[in-house]
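Reviewing the structure listed below.
Naming convention: chains lettered A, B, ... in sequence-line order (proteins, then strands); numbering from 1 in each chain. Note: hydrogens, waters and symmetry copies are ignored here, and every other heavy atom, side chains too, is used.
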Protein chains: 2
Amino acid sequence: MSTIRDVANRANVCVATVSRMLNKPEMVSQSTRKRILAAMEELNYHPNEMARSLSTKRTHIIGVIIPNTSLPLFGALADAIESSCADNGYKLLLCGSRGNADKESSMMAMLLANKVDGIILCASLRNPDAYMNIDLPIVSVDRIIPNIPSVSCDNFKGGVLAARELIDSGCRYPVIVNNVPGTQTTAIMRSKGYKYECERLGYEYREIILTNEQFFDCEFDAITDAMKNPDYPVDGIFITGDTHAANLKRFCARRGLETPRDYKLIGFDGTDLMDYLDLSTISVPIVELGALAVELLIKRIEKQSVPERSLLPASLIRRSSTSKDA
Amino acid sequence: MSTIRDVANRANVCVATVSRMLNKPEMVSQSTRKRILAAMEELNYHPNEMARSLSTKRTHIIGVIIPNTSLPLFGALADAIESSCADNGYKLLLCGSRGNADKESSMMAMLLANKVDGIILCASLRNPDAYMNIDLPIVSVDRIIPNIPSVSCDNFKGGVLAARELIDSGCRYPVIVNNVPGTQTTAIMRSKGYKYECERLGYEYREIILTNEQFFDCEFDAITDAMKNPDYPVDGIFITGDTHAANLKRFCARRGLETPRDYKLIGFDGTDLMDYLDLSTISVPIVELGALAVELLIKRIEKQSVPERSLLPASLIRRSSTSKDA
DNA sequence: CACAATTTGATAACCGCTTGACAAGCGGAA
DNA sequence: TTCCGCTTGTCAAGCGGTTATCAAATTGTG
């Protein structure tokens with residue numbers, strides 16, 4: 001592997017000149033530039049980025065902490081982030097946290113030790129303290145963390161859209177299916193939006209709370225039971241998460257319940273999956289979220305100021321699961 | 001940010017001792033070890049991995065070139081690879097090639113310049129020359145490249161299973177839907193397996209070739225037309241790729257054609273999507289593929305020898321789209 | 001207590017590149 | 001010719017670690 005000295009020798013210049021040509025090419029004349037380029041070519045020289053980083057204290061690497069790229073939403077997000085990074089001359093160090101708070105912490109430390117220029121975080125939020133007081137630019141995606149700029153989609157608006165769509169499609173007894181309340185501010189905003197719109201339209205706010213395990217194991221009896229409740233026979237369901245919606249649809253189908261005939265169903269995320277299943281959903285602009293996260297992070301790396309909270313619009317994707325003709 | 005020298009001072013030892021404790025802890029006594037650890041703790045010291053890499057010539061980073069993590073298959077693969085890397089103390093530099101051969105080449109160069117310890121490649125294979133003659137351990141996933149160890153699933157066997165399943169489910173006129181023939185040896189193996197089994201069971205080998213654009217735009221008329229062909233009224237379809245299968249199912253459904261009534265359908269990949277759509281598929285052991293790729297790469301990094309070609313078993317996932325009761 | 005074994009110190013070179021200070025060479029303009 | 005401005009050379013220190021060498025200090029052992 002050839003070094004900058006080899007190139008310098010080959011081109012009959014000094015190392016400083018080669019370095020200048022690498023970093024401020026306008027400082028070196030056409031003729032020597034050509035000589036140096038030729039030498040690089042001949043030696044197949046590529047500057048050692050490690051060595052560079054060591055002296056410039058800039059790696060042009062950004063770290064991404066994300067639960068799991070095998071989930072459609074996060075896979076798409078990772079892809080959007082990667083692509084934006086590449087467009088801006090940054091590389092991406094990927095960490096899968098699996099929603100494990102301890103892993104997150106150790107990954108933070110690892111990224112610090114590897115001198116990444118900044119971090120994009122999709123945090124579990126189990127231990128928000130871990131992210132604060134870190135002397136490194138951070139941008140959070142779809143999670144609200146004090147003192148850390150975040151980009152998320154307008155979850156409140158998403159909740160509003162979902163409520164309105166259920167009611168528009170003729171539901172009299174809508175319900176929102178939620179996770180056990182946690183620190184997920186985005187989930188809270190979705191609920192709030194949903195609640196706001198329900199009440200504005202004169203409907204009752206009802207929710208069904210499921211545990212993570214129930215979601216994971218598709219134990220949705222609480223929901224089908226609620227559909228048979230004479231006092232409030234649920235006929236419209238807003239479930240936040242496309243995979244959950246897909247699981248629920250299957251669960252119900254096995255019990256002979258079909259959308260839109262027996263109930264309306266709307267999800268949240270806007271993944272392709274919903275297209276195949278013909279399920280309505282609230283679309284999250286993932287590509288834009290990823291791109292904006294990268295943009296903001298780079299601004300912070302360059303010491304520019306960025307807005308503390310960025311909201312991107314959620315939008316309704318209407319499919320047969322919320323069609324009127326029940 | 002504190003350096004190794006700061007730690008040395010704080011602990012009243014010399015840098016060499018601190019370095020020893022970092023790299024061969026057994027060489028330093030209990031008592032000083034404690035002192036050093038305490039000093040590190042107090043200074044919140046984390047060794048600068050860049051500097052380390054520069055002198056050891058080992059980054060413990062592996063580069064991954066993959067088309068696009070937003071596709072279910074690659075998202076899952078990336079996740080499997082990341083997770084195995086983490087388990088083995090490696091970090092992952094992720095590159096999205098989007099199947100673009102030029103991007104692949106420049107990413108190769110980038111990874112080289114960043115001194116990754118090795119590369120896992122999911123190549124487009126548009127320019128296989130680019131990967132060869134690279135002085136760095138490489139492992140290829142699901143692509144066969146001369147002189148580069150590869151891990152893939154047993155595509156031949158997968159083709160066999162698909163053919164047998166179609167025929168078992170009662171098809172008289174099965175067909176395989178293929179991409180235009182390219183350099184994808186894995187696709188070739190699938191075809192071969194399919195063909196082998198068809199002929200072994202006394203059936204005719206028929207294929208329908210579609211272009212990438214036709215796949216992408218879901219222009220499947222050639223297939224539905226074939227289903228009406230009186231000479232060979234296609235009643236069973238093996239389409240290699242789950243998303244394609246999903247798209248085809250939708251395409252057919254819009255024309256009133258349903259599985260398993262009007263035709264049998266089997267995909268290839270084994271993604272969750274197929275579960276939701278109740279479609280049969282040949283399952284690729286993605287997690288194992290990722291883990292094995294990492295394992296082999298690490299072996300190569302450590303100068304151990306590895307097998308040139310590794311095959312992991314494909315398996316049939318049977319769902320209603322290939323059930324007999326048509 | 002002498003001797004060996006273990007642990008630590010001190011120093012310096014090195015990994016490959018950047019950067020600043022300063023001088024020297026060169027050509028063109030006045 | 002002289003002076004200026006651009007380009008390049010020279011030199012050296014520094015980024016934060018690793019590692020080899022050798023010597024010195026500490027500890028354990030019989």
Side-chain angles (χ1 to χ4, degrees), chain A residues 1-40 43-61 109-117 135-136, chain B residues 1-40 43-61 109-117 135-136:
Chain A
M1 198 83 296
S2 46
T3 75
I4 199 173
R5 278 163 240 278
D6 301 330
V7 176
N9 289 336
R10 195 111 172 63
N12 268 312
V13 295
C14 65
V15 293
T17 305
V18 180
S19 180
R20 280 179 197 125
M21 131 114 247
L22 246 27
N23 299 293
K24 345 197 132 122
E26 70 281 2
M27 282 187 68
V28 24
S29 72
Q30 275 293 345
S31 60
T32 59
R33 194 180 308 185
K34 268 201 311 211
R35 287 220 316 287
I36 297 178
L37 283 175
M40 289 180 168
L43 295 172
N44 187 29
Y45 169 78
H46 294 276
N48 181 328
E49 294 293 338
M50 293 286 141
R52 255 181 173 211
S53 305
L54 189 57
S55 66
T56 61
K57 292 167 174 307
R58 292 276 263 106
T59 54
H60 287 274
I61 296 178
M110 184 275 274
L111 292 176
L112 284 192
N114 278 276
K115 304 295 164 194
V116 298
D117 288 347
D135 187 24
L136 200 68
Chain B
M1 200 84 295
S2 46
T3 75
I4 198 175
R5 282 161 233 277
D6 300 330
V7 175
N9 289 336
R10 194 111 173 61
N12 269 310
V13 297
C14 66
V15 293
T17 306
V18 179
S19 181
R20 280 181 198 124
M21 130 114 246
L22 246 27
N23 299 293
K24 350 195 129 129
E26 71 280 2
M27 283 188 68
V28 25
S29 71
Q30 275 293 343
S31 60
T32 59
R33 193 180 307 183
K34 268 199 313 205
R35 287 220 315 287
I36 297 179
L37 283 175
M40 288 180 169
L43 295 172
N44 187 29
Y45 169 79
H46 294 275
N48 181 328
E49 295 293 338
M50 294 285 140
R52 259 185 174 209
S53 305
L54 188 58
S55 65
T56 60
K57 294 169 176 305
R58 290 277 264 109
T59 55
H60 287 274
I61 297 179
M110 184 276 274
L111 292 176
L112 284 192
N114 278 276
K115 305 295 165 193
V116 297
D117 288 347
D135 186 25
L136 200 68

(request) Looking at every strand, decide which applies to B:N12 at a 4.0 Å heavy-atom threshold: base, sugar-phosphate, or nothing. (result) sugar-phosphate
(request) Find out whether A:N114 and A:I61 are in side-chain contact, i.e. whether some heavy atom of one side chain is under 4.5 Å from a heavy atom of the other. (result) no
(message) What range of DNA chain C does chain B touch, first nucleotide to last, counting atoms under 4.0 Å from its heavy atoms?
(response) C:dT7 to C:dG16
(request) For the pair A:N9 (side chain) and A:D6 (backbone), establish whether a donor and an acceptor sit closer than 3.5 Å, ignoring hydrogens and angles. (result) no
(message) Distance check, rounded to the nearest 0.5 Å: B:N48 atom CG versus A:L54 atom CG?
(response) 6.0 Å
(request) Could you grab the distance from atom CD of B:E49 to atom CE of A:M50, nearest 0.5 Å is fine? (result) 10.0 Å
(message) Would you compute the distance between atom CG of B:L43 and atom CD1 of B:I4 and round it to the nearest 0.5 angstrom?
(response) 12.0 Å
(request) Could you tell me, to 10°, how much the axis swings from one end of the helix from C:dC1-D:dG30 to C:dA30-D:dT1 to the other, five pairs per end? (result) 30°
(message) A side-chain contact here means heavy atoms from C-beta on lying under 4.5 Å apart; do A:K115 and B:M1 qualify?
(response) yes
(message) Donor-acceptor pair, distance only, cut-off 3.5 Å: does the side chain of A:S19 make one with the backbone of A:V15?
(response) no
(message) Just to be sure I understand the rule, does B:S53 reach a base, reach only the sugar-phosphate, or reach nothing, if contact means heavy atoms closer than 4.0 Å?
(response) nothing
(message) Between A:R20 (side chain only) and A:V28 (backbone N and O only), is there a donor and an acceptor less than 3.5 Å apart?
(response) no
(request) State, with a plain yes or no, whether a side-chain heavy atom of B:R35 is found less than 4.5 Å away from one of B:V13. (result) yes
(message) Could you check whether any side-chain heavy atom of B:L37 comes within less than 4.5 Å of a side-chain heavy atom of B:M21, counting everything from C-beta outward?
(response) yes
Can you give me the N/O atom pairs linking the protein to nucleotides 17-24 of chain D at distances under 3.5 Å, or say none if there are none?
from: D:dG17; atom 1: OP1; to: B:Y45; atom 2: OH; distance (Å): 3.3
from: D:dG17; atom 1: OP1; to: B:N48; atom 2: N; distance (Å): 3.4
from: D:dG17; atom 1: OP2; to: B:I4; atom 2: N; distance (Å): 2.6
from: D:dG17; atom 1: O5'; to: B:Y45; atom 2: OH; distance (Å): 3.1
from: D:dG17; atom 1: N7; to: B:R5; atom 2: NH2; distance (Å): 2.9
from: D:dT18; atom 1: OP1; to: B:N23; atom 2: OD1; distance (Å): 3.4
from: D:dT18; atom 1: OP1; to: B:N23; atom 2: ND2; distance (Å): 3.1
from: D:dT18; atom 1: OP1; to: B:R52; atom 2: NE; distance (Å): 3.1
from: D:dT18; atom 1: OP2; to: B:S19; atom 2: OG; distance (Å): 2.7
from: D:dT18; atom 1: O4'; to: B:S55; atom 2: OG; distance (Å): 2.9

